[in-house]
Amino acid sequence: MQSGTAALHMALYELGIGENDEVIVPSLTFIATINPVLYVGAKPVIVDVDSETWNIDPEEIKKAITSKTKAIIPVHLYGNSCDMDAIMEIAKEYNLYVIEDVTESLGATYRGRFTGTFGHFGCFSFNGNKLITTGGGGMITSENEASAEHIKFLVNQARDESKGYYHPEMGFNYRMTNIEAALGLAQFERLEGFLEKKREFRQIYQEILSDLPYIKFQKEYDKAKGSWWLTCIEIEKKMNLDSLIKELKEKGAQTRRIFVPVCEMPYLKGYSNECSNAYEVYKGGICLPSSTLNSVDTVEKTALILRGILAG
Ligand SMILES: Cc1ncc(COP(=O)(O)O)c(C=O)c1O
């Protein structure tokens with residue numbers, strides 16, 4: 001697949017979701033979770049996240065269900081698994097599809113099972129900044145072989161090669177190139193090593209920072225093991241976050257604010273339910289350097305610089 005965005009688009013399209021349908025999505029995510037819902041002409045219904053895990057709150061999902069709801073897109077934000085038991089139970093009760101946005105959580109598990117294997121589809125990204133990369137790219141996983149085959153056909157312009165340039169239905173140019181796929185296979189061999197590094201980085205940040213009472217790490221469910229694509233924290237202290245980020249940069253530590261709640265986007269205002277938790281987390285949320293290109297030394301130094309500024 002050409003990207004994670006294309007994967008989400010194809011999952012929705014394959015399920016026949018479109019006009020007059022509603023799809024429940026979280027208030028805190030990268031914008032590419034939401035746009036594909038609009039691409040297929042459906043209505044995104046943005047619900048709030050849990051303030052501890054930063055992931056979609058199953059109780060909020062329940063409140064948002066209507067007779068038009070067709071699917072839920074849980075996002076395992078920054079590599080932290082959603083409460084998949086609760087989400088799958090709701091989906092079963094209300095007969096809804098689940099499309100997991102796994103673009104940030106390759107390798108994360110819930111009850112020992114990989115994220116992306118619970119829902120009807122799992123949508124992954126191999127963008128340049130992701131855990132493994134093909135430069136740009138994506139993948140869909142599904143247990144439904146017929147759907148998987150149909151998506152493979154759709155992304156290749158829906159071409160029936162046995163009949164030459166014959167296209168029995170409308171298709172898309174969303175396939176991954178062979179060169180990208182080759183790169184992806186080589187990257188897969190390094191996945192375990194990358195995951196180990198990401199988890200080690202988070203542990204170092206926790207060891208150095210978690211005794212500060214105003215620092216909160218994204219909470220992980222007991223049953224979950226995050227991939228920690230990015231280690232992010234919420235700083236519950238009255239301060240100017242942008243000035244903090246500037247000071248950190250001056251001292252050699254590259255950090256950035258977490259995603260702006262999607263409820264804030266002008267074109268999504270009409271689709272948003274109450275998003276106070278997302279705004280609260282956003283107010284103090286920053287992502288710490290987590291690239292696997294970093295060394296343990298850099299991560300330790302960053303944590304100590306941050307500690308020095310906050311505790312000083
Ligand atoms: C939560 C989320 N959803 C979707 C995407 C889209 O993936 P891509 O950039 O490969 O289209 C990304 C990453 O970029 C993401 O972080």
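Atoms within a ligand are numbered from 1 in the order they appear, just like the ligands themselves.
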Worksheet item: Can you list every pair that meets side chain to side chain donor-acceptor pair (under 3.5 Å) and has a residue in residues 174-197, with sequence neighbours left out?
Response: His9-Tyr174, Asn156-Arg175, Asn173-Arg175, Thr177-Glu180

Worksheet item: Which of the atoms of ligand 1 are close to Asp101, meaning less than 4.0 Å from one of its heavy atoms?
Response: 1 (C), 2 (C), 3 (N), 4 (C)

Fill in: Identity and distance of the protein heavy atom lying nearest atom 13 (C) of ligand 1
Lys130 NZ, 2.7 Å

Practice prompt. Report yes or no: do Phe201 and Ile258 belong to one cluster of Ile/Leu/Val/Met/Phe/Trp/Tyr joined by side chain heavy-atom distances under 4.5 Å?
Written response: no

Worksheet item: Of the protein's non-hydrogen atoms, which lies at the shortest distance from atom 2 (C) of ligand 1, and what is that distance?
Response: Thr103 OG1, 2.8 Å

Practice prompt. Compute both the distance and the angle, then confirm whether Arg202 meets the cation-pi test with Trp228: under 6.0 Å from the six-membered ring centre, within 45 degrees of the axis.
Written response: yes

Worksheet item: Looking only at protein heavy atoms, which one is nearest to atom 8 (P) of ligand 1, and how far off is it?
Response: Gly4 N, 3.4 Å

Worksheet entry | Joint cluster assignment, Val47 & Leu28, ILVMFWY side-chain distance < 4.5 Å | no

Worksheet item: Relative to the heavy atoms of Ala32, which atoms of ligand 1 are at a distance of less than 4.0 Å?
Response: 4 (C), 5 (C), 6 (C)

Practice prompt. Return yes if some donor-acceptor pair links the side-chain N/O of Asn127 with the main-chain N/O of Ser3 below 3.5 Å, else return no.
Written response: no

Item to complete: With heavy atoms under 4.0 Å as the rule, classify the contact between Val75 and ligand 1 as side chain, backbone, both or neither.
Response: side chain

Item to complete: Mark yes or no for whether Ser290, through its side chain, and Leu288, through its backbone, hold a donor-acceptor pair below 3.5 Å.
Response: yes

Item to complete: Could you pull out, from Trp229, Phe30, Phe259, the option with a heavy atom nearest to atom 12 (C) of ligand 1?
Response: Phe30

Worksheet item: Which residue and non-hydrogen atom of the protein lie closest to atom 16 (O) of ligand 1, and at what distance in Å?
Response: Glu104 OE2, 2.5 Å

Discussion item. I need the atoms of ligand 1 closer than 4.0 Å to a non-hydrogen atom of Thr29, numbered in the order shown.
Written reply: 1 (C)

Practice prompt. Name the closest protein heavy atom to atom 11 (O) of ligand 1, giving the residue it belongs to and the distance to 0.1 Å.
Written response: Thr5 OG1, 2.4 Å

Worksheet item: Less than 4.0 Å between a side-chain N and a carboxylate O, is that true for Lys219 and Asp50?
Response: no

Item to complete: Without swapping roles, check the side chain of Thr302 against the backbone of Ala253 for a donor-acceptor pair under 3.5 Å.
Response: no

Worksheet item: What protein heavy atom sits nearest atom 9 (O) of ligand 1, and how far away is it?
Response: Asn127 ND2, 3.7 Å

Worksheet entry | Numbered atoms and elements of ligand 1 in range of Gly137, under 4.0 angstrom, heavy atoms | 10 (O)

